[in-house]
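To find a chain, count down the sequence lines: A is the first, B the second, and so on, and within it residues start at 1.
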Amino acid sequence: MNKISIIGLNDIKTELVKEIMDLGVVEISSQDSKLTDPEWINYVKKDGNENEVLNLDMKISNLNEVLTSLEKYDTRKRPLFSTRKAISSDEFDEAVLNNNSHVNENVSTVLELNKSFRELCSEENKLEAVILSLKPWVKYTIPLNMTETKYTSIFIGAIPSIADIEKLKAEMSQEIGKFYMNLIESDKDQFYFSFICLKDEKEDVYDLLKKYGFSPILFKDIEGTAAENILKYENYLKDISVKKEEIENKLTELVIFKEEIQLFYDHIIIERDKNKILNNLLKTDTTFYIEGWIPEAKKESVKVVLDEYQCWYDIKQPEEGEEFPVLMKNNSFVQPFESITELYSLPSPSNIDPTIFMTPFYILFFGLMLADVGYGAIMSILCFLVLKKYKPEGGLQKLLKVFFYCGISTAFWGLMFGSVLGDAIQAAAKLLFNSDFIIKPLWLNPMEDPMTLLIFSFVFGVIHLFTGMAVNAYMLVRDGKKLDAVFDIGFWYGFIIGIALWLFGNIIIPGSNLVGKWMTIVFAIGLVLTQGRAKTNVASKLISGVLSLYGITGYLSDILSYSRLLALGLATGVVSSVVSILGSMGGRNVLGILLFAVAMAVGHSFNFAINALGAFVHAARLQYVEFFGKFYEGGGEAFNPLVKNTKYYKIIKEDF
Amino acid sequence: MNILTNGNFLAILGASVAALAGIGSAIGVGIAGSAASGVVAEDPKKFGSTLILQALPGTQGIYGLLIAFIILNKIGLLGGSMAELSAAQGGYFLAASLPIGIVGIISAIHQGKVAASGIMLVGKRPEEIAKAMVYAAMVETYAVLALLISFLMINGIAI
């Protein structure tokens with residue numbers, strides 16, 4: 001990564017930013033710190049165009065709304081994976097220019113339609129609420145706006161259903177002379193009553209009713225009876241739904257313009273980004289200043305452009321200890337696995353990209369944990385087809401490639417362990433032809449010989465850990481700490497190998513346990529003598545040295561952690577055989593065979609899903625915890641160049 | 001005859017104990033599921049990623065099933081003709097089922113809690129799902145170890 005500084009004249013600024021964006025290899029970093037630097041502050045001001053950015057952001061949110069609403073009415077079949085359409089930059093610019101006016105028109109039409117649609121919806125809700133409140137009064141035949149006659153008062157209201165209505169009636173007839181009360185409707189909460197009484201006695205009636213929890217109901221601005229009004233509002237509702245349908249039809253007609261609007265959306269995104277990046281520029285009255293990062297390999301292409309625009313520029317290595325953005329650089333095989341590293345954290349600038357060391361182990365471990373020819377083949381073939389057919393980009397593409405390679409490894413280990421969709425084929429042969437046909441594993445059957453595989457899991461683990469330690473040693477040597485590499489890595493190698501030989505050496509080479517014993521002792525002494533070297537006095541040097549031997553427990557737990565390679569591999573196999581046994585229970589008849597087919601389809605889908613997830617997570621864990629723990633230090637910032645960050649169209653710059 | 005000295009009974013009891021790991025998974029998946037619903041209520045698009053995290057504490061139940069199945073298969077219960085086991089042999093099966101039975105329950109519950117927090121993490125920062133998954137997998141390690149030890153014990157029992 002190189003640091004680049006550019007100074008140019010203001011009148012070429014917009015053009016140059018556009019060119020840089022086309023190249024897509026320069027990260028323009030924020031220069032806010034220079035604005036407080038006394039050396040700079042007298043000469044420069046912050047560039048930027050906040051209003052324009054705000055304006056464009058608003059347009060983007062409008063376009064977003066338009067596209068989401070059109071998406072709803074787009075009945076065309078959608079592809080499984082949406083990918084960006086390729087378009088040449090000339091075509092893109094031309095399309096933007098040609099469609100500009102009528103896209104704007106369509107956008108405002110859609111926005112307008114959306115607005116009226118929302119208004120209709122809220123009107124609809126309001127009417128529905130009114131109808132609901134009128135419903136109990138359907139049988140009440142007096143117009144709702146009629147609240148009195150010359151001598152009487154007319155009112156309606158609700159009484160909670162827990163009130164004792166008989167008692168109320170008795171009390172009413174006792175205390176009020178002339179009145180009329182009528183139960184209109186009742187539901188599980190309330191009774192709905194209408195009352196007529198003399199105007200003079202209205203207060204008394206109210207007081208009495210209140211004791212029973214009466215609450216009067218008034219309908220404002222409603223004339224005529226409840227039934228009439230309900231009818232009227234229901235007609236309104238019908239009108240509204242017709243209008244809504246009309247709007248929906250219009251929107252459906254506008255769906256054909258979706259692609260144009262998408263293109264325009266991408267155009268506005270580009271414009272917004274170009275304006276936004278100006279915030280990171282500094283300016284004087286006539287010049288501008290850009291500072292940023294550029295990958296070493298892309299230097300030349302940028303130089304050509306800068307020369308063309310007659311800018312002053314300087315490209316140099318970052319200074320010692322300076323933080324710079326990280327761009328991982330790997331060959332095309334390893335590259336997809338960068339996504340696994342990214343999920344952990346990017347390497348810090350002083351660290352090393354671990355992807356290339358991690359890749360073979362990730363593939364190996366994933367395969368060991370899923371280990372099935374059928375699952376592996378299905379996984380690889382599916383990923384391959386999706387990659388070929390839909391050509392996804394970015395993270396999805398990387399992930400599919402990871403699974404493609406892991407699928408091959410899964411199939412390989414399935415072959416080694418003799419597992420093809422578990423034991424589905426054997427079970428099918430047994431069920432249909434009563435044959436005892438078996439698929440022989442090329443290496444071993446983990447169900448019958450788990451100890452061997454357990455030992456190999458540990459061996460794989462030790463190789464993995466030693467690789468991690470070797471990378472650490474490499475970095476120490478690179479930084480000129482050769483002795484540290486010998487003491488901290490070399491001695492541990494010797495110590496661990498020594499212990500392993502001492503304990504298990506005799507199984508492989510008789511007599512080697514003696515070698516192991518002496519190796520252990522020698523390297524243990526070495527560790528005791530060297531591990532306390534940071535301390536100043538002799539006693540604490542020795543104590544730290546002895547305590548460091550306790551670090552062996554860390555290595556032990558790291559190594560034991562690899563037993564999951566066996567355990568998860570077994571899980572796949574055993575669940576498969578459970579499926580086979582369940583499926584075979586129906587016996588050899590039509591129903592039984594049907595049951596077998598269904599059990600196979602459901603059971604293996606489930607087993608594949610859960611164990612592929614397990615293999616993915618645990619293979620990652622072995623990298624993140626055991627492997628990265630030995631040397632890796634994350635925390636890098638991703639290299640984030642100024643590019644055309646479009647959503648729908650992939651703009652290809654044609655070569656001249 | 002006293003049933004506790006019946007080897008076949010003890011072996012089947014062992015299979016049952018192993019399958020009890022499902023209790024933990026049920027609780028763990030339940031805890032994670034309620035957290036997931038909360039996150040999805042805010043943003044329905046997170047269904048996929050939260051579902052993955054919710055599934056993680058479910059594996060202990062599978063491990064338990066696996067051990068139970070191996071025991072039943074080994075004593076011939078599934079084949080139809082059960083072997084005559086001595087009380088000691090039956091006891092071995094029971095003892096061998098304890099690691100996955102006990103560790104399975106407890107680890108699944110705790111994994112469920114970690115998964116639930118992971119789901120909250122995904123709610124705020126969807127790009128960090130891998131970290132949430134690794135945290136949950138850290139807990140699962142012990143269930144894997146228990147599964148392994150149960151398996152090796154059962155594999156070593158001679159009948």
Hey, are the side chains of [X] and [Y] touching, using non-hydrogen atoms and a 4.5 Å cut-off?
{"X": "B/Glu140", "Y": "A/Arg621", "value": "no"}
{"X": "B/Leu152", "Y": "A/Leu454", "value": "yes"}
{"X": "A/Val575", "Y": "B/Phe69", "value": "no"}
{"X": "A/Leu613", "Y": "B/Leu56", "value": "yes"}
{"X": "A/Tyr624", "Y": "B/Lys131", "value": "no"}
{"X": "A/Glu448", "Y": "B/Asn155", "value": "no"}
{"X": "B/Ile62", "Y": "A/Phe606", "value": "yes"}

Query raised in the report: What closest approach, in Å, do A/Ala571 and B/Leu66 show between heavy atoms, and which atom pair accounts for it?
Result: CA-CD1, 3.4 Å

Query raised in the report: Which answer fits A/Phe616, side chain, backbone, both or neither, if we ask what part of it has an atom under 4.5 Å from a heavy atom of chain B?
Result: side chain

Report summary line: Under 4.5 Å to a heavy atom of chain B? For A/Ile610 that would be side chain

Within a radius of less than 6.0 Å around [atom1] of [X], do more than 12 heavy atoms belonging to other residues, nucleotides or ligands occur?
{"X": "A/Glu637", "atom1": "CD", "value": "no"}
{"X": "B/Tyr135", "atom1": "OH", "value": "no"}
{"X": "B/Arg125", "atom1": "CZ", "value": "no"}
{"X": "A/Phe456", "atom1": "CZ", "value": "no"}
{"X": "B/Tyr142", "atom1": "OH", "value": "no"}
{"X": "B/Tyr92", "atom1": "OH", "value": "no"}

Nearest 0.5 Å, please: how far is [atom2] in [Y] from [atom1] in [X]?
{"X": "B/Met138", "Y": "A/Ser561", "atom1": "CE", "atom2": "OG", "value": "8.0 Å"}
{"X": "A/Ser557", "Y": "B/Leu145", "atom1": "OG", "atom2": "CG", "value": "10.0 Å"}
{"X": "B/Leu147", "Y": "A/Arg564", "atom1": "CG", "atom2": "CZ", "value": "11.5 Å"}

Query raised in the report: Where does B/Thr141 contact chain A at under 4.5 Å (heavy atoms): side chain, backbone, both or neither?
Result: both

Query - Heavy-atom contact with chain A under 4.5 Å, split by part of B/Ile129 - result: neither

Query - Contact leader toward chain B among A/Leu343, A/Leu560, A/Leu568, A/Val625, where contacts are heavy-atom pairs under 4.5 Å - result: A/Leu343

